[in-house]
Amino acid sequence: KPNFRLLSSLLSENAQPKVKKCFQSITGSTIGAWVTTCRMNRAAEMLRSDREKSIADVGCCVGYDSASKFAAAFKAVKGKTPLEYRREGQ
């Protein structure tokens, strides 16, 4: 899964702070927060479009091996649990 460590390993140590600052000035968020938001947006799409898939499976598809950690991350980003989000989309 992509993260700042992977990205920074491709750059010199001097460039890393500049990349962080540039990314944040463009997107308004940190690299980690941006990646998490992208993952939760993808999960939200899956929760509504593929009702056959369990919530744990959706979490697994976006990189979480723990359903409880996925649910906590989803709620932190979307303001509701994955189940609440899915039910609202019916």
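Owing to the predicted nature of the structure, the values given are computational and were not obtained by experimental measurement.
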Distance-minimising heavy-atom pair for [X] and [Y]:
X	Y	result
V62	A43	CG1-N, 3.9 Å
M40	A73	SD-C, 4.0 Å
S25	C22	OG-O, 2.9 Å
F74	P82	CD2-N, 3.6 Å
A56	A67	CB-CB, 4.1 Å

Let me see the working for T30 and Q24 under side-chain contact (heavy atoms from CB on, under 4.5 Å), right down to the final yes or no. CA-CA 5 Å; T30 65; Q24 191 158 5; 4.2 Å; yes
Under a 3.5 Å distance rule, please check whether R48 uses its side chain to pair with a backbone N or O of E88 as donor and acceptor.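 Flag not set: sc R48 to bb E88 has no pair under 3.5 Å.
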Electrostatic pair E84:R87 at N-O distance under 4.0 angstrom: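 No salt bridge links E84 with R87.
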Any chance you could measure [X], atom [atom1], to [Y], atom [atom2], to the nearest 0.5 Å?
X	Y	atom1	atom2	answer
R86	M46	CZ	CE	9.0 Å
D57	D50	CG	CG	9.0 Å
R42	L47	CZ	CG	10.0 Å
N41	T36	CG	OG1	11.0 Å

Would you call the rings of Y64 and F70 parallel, tilted or perpendicular, taking 30° and 60° as the class edges?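 Geometry flag for F70 against Y64: tilted rings.
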Please identify each residue that fulfils salt bridge (charged side-chain N to carboxylate O under 4.0 Å, His left out) with K18, with sequence neighbours left out.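 Salt bridge (charged side-chain N to carboxylate O under 4.0 Å, His left out) list for K18, sorted by chain: empty.
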Within the 4.5 Å heavy-atom criterion, are Y85 and K75 side-chain neighbours or not?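 Counting from C-beta outward, Y85 and K75 never come under 4.5 Å.
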